[in-house]
Amino acid sequence: MAQKTEKQYWLMKSEPDAYSWDDLAAEWQAGDNRDHPGQNPGMWDGVRNYAAAKHMRAMKTGDEVFFYHSQKGLEIVGIAGVATEHYTDPTDSKAEERKTKFVCVDIKPLRNLDNPVSLQAIKANPKLSDMQLVRQGRLSVSAVTPEEWAEILRMASLPSSS
DNA sequence: GCCAACGTTGGC
DNA sequence: GCCAACGTTGGC
């Protein structure tokens with residue numbers, strides 16, 4: 001049977017001072033997890049928001065993820081892939097006391113965007129006005145529709161969108 | 001550094 | 001189970 005699951009698209013935010021796109025690449029190069037030695041490179045831990053966790057539970061291997069720098073940069077800088085589907089977050093110390101355990105996934109860097117796509121440019125694009133990123137600014141893991149994904153890729157191929 | 005948005009917590 | 005208080009995120 002052809003399990004024809006469509007590839008899904010996501011967007012994940014990180015403060016570059018805490019964990020940047022380059023840090024992700026460095027972890028994969030080192031083959032280890034910088035902050036949690038022995039854990040997987042690219043482990044997306046620490047999410048303690050149910051909406052974000054729900055998205056991570058829905059992620060499948062091979063799904064693609066925009067990597068967004070929050071606080072500083074405010075732009076999508078690269079594309080990562082889901083390398084490992086969700087598992088219990090080893091940094092969730094209260095997991096046992098709670099019914100719902102928080103989870104993490106592993107992501108790996110796939111490629112840089114030729115031109116990072118800024119939040120400003122996204123907000124200025126009417127085609128992207130319904131993006132979860134725009135509608136729900138605080139959500140750290142959000143869903144991206146195929147149409148939004150394609151539009152952002154188009155923007156990333158254009159000369160500097162600033 | 002401020003403040004709006006919004007998720008979470010805890011008292012009732 | 002409601003809702004006010006509180007805490008955190010993240011853009012500006």
Side-chain angles (χ1 to χ4, degrees), chain A residues 8-27 33-36 39-59 63-82 85-110 112-145 147-156 158-162:
Chain A
Q8 304 173 101
Y9 300 103
W10 310 96
L11 181 145
M12 291 169 124
K13 293 182 183 179
S14 188
E15 294 182 37
D17 283 350
Y19 189 85
S20 70
W21 173 246
D22 287 342
D23 293 333
L24 176 66
E27 280 192 345
N33 188 290
R34 183 194 63 185
D35 298 322
H36 306 283
Q39 300 289 349
N40 298 336
M43 179 176 76
W44 208 265
D45 63 289
V47 172
R48 297 293 181 270
N49 172 288
Y50 289 106
K54 190 180 166 193
H55 284 143
M56 295 210 293
R57 287 175 185 277
M59 288 183 186
D63 284 358
E64 296 190 44
V65 180
F66 282 138
F67 195 106
Y68 175 84
H69 279 166
S70 62
Q71 310 284 10
K72 287 185 178 178
L74 308 187
E75 60 189 9
I76 297 168
V77 291
I79 296 173
V82 175
E85 291 176 15
H86 70 90
Y87 53 96
T88 303
D89 188 338
T91 70
D92 184 7
S93 57
K94 301 239 179 77
E96 296 309 318
E97 317 166 12
R98 221 186 294 107
K99 300 177 213 133
T100 319
K101 295 172 164 53
F102 282 112
V103 296
C104 42
V105 298
D106 300 336
I107 62 169
K108 63 169 184 252
L110 296 180
N112 302 322
L113 291 192
D114 295 334
N115 303 289
V117 177
S118 69
L119 180 65
Q120 199 183 348
I122 289 169
K123 285 185 167 174
N125 187 332
K127 289 180 185 164
L128 301 176
S129 58
D130 282 336
M131 271 192 83
Q132 244 183 345
L133 174 71
V134 176
R135 289 289 185 87
Q136 255 181 293
R138 295 195 331 159
L139 191 58
S140 63
V141 180
S142 59
V144 179
T145 68
E147 292 75 20
E148 291 162 352
W149 184 270
E151 178 63 11
I152 288 170
L153 288 186
R154 192 187 65 77
M155 292 163 77
L158 301 174
S160 192
S161 58
S162 54

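Naming: A, B, ... by sequence-line order, numbering from 1 per chain.
Counting any heavy atom pair closer than 4.0 Å across all strands shown, A/Gln136 reaches sugar-phosphate atoms only and no base atom. In this structure, A/Lys123 reaches the sugar-phosphate backbone alone: every heavy-atom distance under 4.0 Å involves primed, P, OP1 or OP2 atoms, never a base.
The side chain of A/Leu119 lies closest to C/dC12 when the candidates are B/dT8, B/dC6, C/dC12. Taking every side-chain heavy atom of A/Tyr50 into account, B/dT8 is the closest of C/dG11, C/dT8, B/dT8.
Atom NE2 of A/His55 and atom CG of A/Leu139 lie 6.0 Å apart (nearest 0.5 Å). Taken from CG in A/Leu128 to CD in A/Glu151, the straight-line distance is 5.5 Å, to the nearest 0.5 Å. Note that the CZ atom of A/Phe67 and the CD1 atom of A/Ile79 stand 13.0 Å from one another [nearest 0.5 Å].
In this structure, CG of A/Leu11 is placed 17 Å from P of C/dT9, rounded to the nearest angstrom. As rounded to whole Å, 17 Å separates atom P of C/dC12 from atom NE2 of A/His69. Distance CG (A/Leu133) to P (C/dG11): 8 Å, rounded to an integer number of Å. When rounded to the nearest whole Å, the span between CD of A/Glu75 and P of C/dG10 equals 16 Å. Going from atom CG of A/Leu139 over to atom P of C/dG10 covers 9 Å, rounded to whole Å.
Between A/Ala51 and A/Gln71, the residue anchored nearer the 5' end of DNA chain B, judged by the nucleotide with its closest heavy atom, is A/Gln71.
For C/dG11, one of the phosphate oxygens OP1 or OP2 lies less than 4.0 angstrom from a side-chain nitrogen or oxygen of A/Tyr68.
Applying the 3.5 Å distance criterion, the base of B/dT8 shares no donor-acceptor pair with the side chain of A/Arg48.
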(message) Quick one, A/Thr91 with A/Arg48, criterion side-chain hydrogen bond (donor to acceptor under 3.5 Å, both in side chains). Give me CA distance, side-chain angles, the key distance, then yes/no.
(response) CA-CA 11 Å; A/Thr91 70; A/Arg48 297 293 181 270; 3.1 Å; yes

